[in-house]
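The shown structure was predicted, so the numbers you read here are calculated from the model rather than taken from an experiment.
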Amino acid sequence: MSSPARFDRGHTDDLMTFLTASPSPYHAVANAAERLEKAGFRQLSETDAWDAGTGGRFVLRGGALIAWYVPEGASAHTPFRIIGAHTDSPNLRVKPLPDTGSQGWRQIAVEIYGGTLLNTWLDRDLGLAGRLTLRDGTERLVNIDRALLRVPQLAVHLDRSVNTDGLKLDKQRHMQPIWGLGEAHEGDLIAFLEEEEGLEHGSVAGWDLMVHSIEPPSYLGRDRELVAGPRMDNLLSVHAGVAALAAVSGAAKLDHIPVLAAFDHEENGSQSDTGADGPLLGNVLERSVFARGGSYEDRARAFAGTICLSSDTGHAVHPNYGERHDPTHHPRVNAGPILKVNVNQRYATDGSGRAVFAAACERAGVPWQTFVSNNSMPCGTTIGPITAARHGIQTVDIGVAILSMHSARELCGADDPYLLANSLVAFLEG
């Protein structure tokens with residue numbers, strides 16, 4: 001995989017499989033963990049004592065995963081090379097009292113999660129996925145991957161101005177999906193899920209549920225050089241990170257410890273126990289140092305030599321809105337990963353970080369591009385600045401250029417996922 005990059009349809013096919021199997025952050029980390037276990041990694045419990053052994057390890061917490069590989073000969077102060085990503089995507093999430101309705105329609109009460117493009121959820125066949133927490137404290141993943149819900153748009157006959165004045169959606173009144181006819185009864189949705197999962201009635205005590213489009217990812221275009229699919233922001237990076245970490249595990253000569261940090265809650269600020277602004281990554285890295293007999297001095301030395309690539313999707317130049325982009329920076333799909341730069345620290349990249357990424361792409365034979373926002377447009381942000389500030393770790397923001405970011409269905413180049421994975425392998429190899 002670290003040989004000069006060439007388009008590998010198998011990698012993109014596998015990404016599409018991963019996207020389909022991961023309708024929620026909880027499914028994404030479960031699928032990532034399964035892939036890492038097949039590569040020889042083993043899960044650690046945060047409540048157990050950790051040993052100093054070598055090899056691949058990972059920790060799961062909610063919708064987050066931290067995985068790392070300790071090579072032979074690693075010392076307590078061996079630095080880390082981290083790939084950072086996030087597992088969550090903007091969507092509609094089920095409220096604590098979900099059963100509602102109006103005008104003879106049964107509906108599900110949802111809350112808007114993250115900065116989603118609301119109109120992309122209209123008139124789309126939707127499933128339901130997430131996790132159920134049972135009364136005994138165990139958790140069960142659930143995925144109703146069939147046409148269960150729909151958010152119906154108002155007919156043009158009843159809104160003649162929609163095509164001239166634009167669509168105006170009220171998040172509370174207009175985004176509640178329908179799922180049947182009749183009167184709403186408290187407990188109907190959870191009772192339905194208990195039946196679907198073969199659980200006893202009343203056994204579910206809590207839930208974290210969200211809707212998803214059931215339309216599978218697909219190749220698009222005359223020459224099938226594009227991919228359309230859900231949750232590319234940012235499961236595309238999670239998938240590439242898992243592939244890269246698995247590829248370098250077992251390498252004979254690593255002078256650092258490769259790490260994958262896949263966080264939840266990036267889309268709403270990262271402030272949670274599973275988000276990048278929480279203590280999870282720092283705790284795992286410190287415990288890894290201390291398990292190898294290290295001191296606080298060893299921890300400080302390891303962190304000082306650590307580098308993180310924060311991998312998230314970015315904006316490809318849009319053919320219909322070229323004026324929204326910086327006039328001298330036009331990232332294109334299938335032209336390789338992008339280096340994301342913002343001098344106001346919405347991205348963490350600086351000149352030395354640019355050199356690190358350029359060197360990795362050169363070793364992998366991967367082309368790369370630069371993204372910077374138009375000065376007249378606000379710039380988004382990532383886990384990059386959070387990681388840099390919270391842990392004092394040099395961080396570089398990168399990713400893949402896509403269209404329709406935060407849509408229920410996004411668009412990328414079919415080559416770019418593989419090119420990104422190759423660059424991540426080269427970075428982890430060092």
**Student:** Are H86 and F263 close enough that their ring centres sit under 6.0 Å apart?
**Tutor:** no
**Student:** Are L419 and P417 packed together at the side-chain level, in the sense that at least one heavy-atom pair is separated by less than 4.5 angstrom?
**Tutor:**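 No, too far: nothing below the 4.5 Å cut-off.
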**Student:** Any side-chain heavy atom of L118 sitting closer than 4.5 Å to one from I112?
**Tutor:** yes
**Student:** Taking 4.0 angstrom as the limit, do E139 and R131 come out as a salt bridge?
**Tutor:**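 R131 and E139: salt-bridged.
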**Student:** Any chance the side chains of Y347 and D312 put a donor and an acceptor closer than 3.5 Å?
**Tutor:** no
**Student:** Under the 6.0 Å and 45° cation-pi test, does R299 pair with F303?
**Tutor:** yes
**Student:** Which atom names give the shortest non-hydrogen contact between N143 and A129, and what distance separates them?
**Tutor:** OD1-CB, 3.8 Å
**Student:** What I want to find out is whether E37 reaches R42 closely enough, with some N-O distance under 4.0 Å, to be called a salt bridge.
**Tutor:** no
**Student:** Does R57 count as lying over the ring of W68, i.e. NZ or CZ under 6.0 Å from the six-ring centre, within 45 degrees of the axis?
**Tutor:** no
**Student:** Does a donor on one side chain and an acceptor on the other come within less than 3.5 Å for S102 and Q107?
**Tutor:** no
**Student:** Does the S24 side chain pair with the main chain of H27, one donor and one acceptor, at a distance under 3.5 Å?
**Tutor:**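 Judged by distance alone, yes, a pair lies under 3.5 Å.
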**Student:** Taking R35 first and then D14, would you say they form a salt bridge - that is, a charged N and a carboxylate O separated by under 4.0 Å?
**Tutor:**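 Salt bridge present between R35 and D14.
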**Student:** Before accepting this row, confirm whether a basic side-chain N of the pair R146/E196 lies closer than 4.0 Å to the acidic partner's carboxylate O.
**Tutor:**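 The answer is yes: the pair qualifies as a salt bridge.
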**Student:** In terms of ring plane angle, is the pair F41 and Y69 parallel, tilted or perpendicular, where the classes change at 30° and 60°?
**Tutor:** tilted
**Student:** Write down the atom of S423, the atom of A360, and the distance for their closest heavy-atom approach.
**Tutor:**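 In this case the closest contact between S423 and A360 is O-CB, 3.9 Å.
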**Student:** Just wondering, do R363 and E429 contact through their side chains at under 4.5 Å, heavy atoms?
**Tutor:**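 Of all side-chain heavy-atom pairs linking R363 with E429, none is under 4.5 Å.
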**Student:** Do K171 and E111 come close enough that some side-chain heavy atom pair is under 4.5 Å?
**Tutor:**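 Sidechains of E111 and K171: no contact.
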**Student:** Could you tell me whether the side chains of R292 and S288 share a donor-acceptor contact shorter than 3.5 Å?
**Tutor:**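 There is such a pair between these side chains.
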**Student:** Would you sort out whether W179 and D99 count as a side-chain contact (heavy atoms from CB on, under 4.5 Å), showing the intermediate values?
**Tutor:** CA-CA 10 Å; W179 75 310; D99 299 293; 4.3 Å; yes
**Student:** Heavy atoms only: give me the nearest L149-G127 pair and the separation to one decimal.
**Tutor:** CD1-O, 4.1 Å
**Student:** So, the side chain of D88 versus the backbone of P25: is there a donor-acceptor pair under 3.5 Å, distance only?
**Tutor:**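 No, D88 side chain to P25 backbone: no donor-acceptor pair under 3.5 Å.
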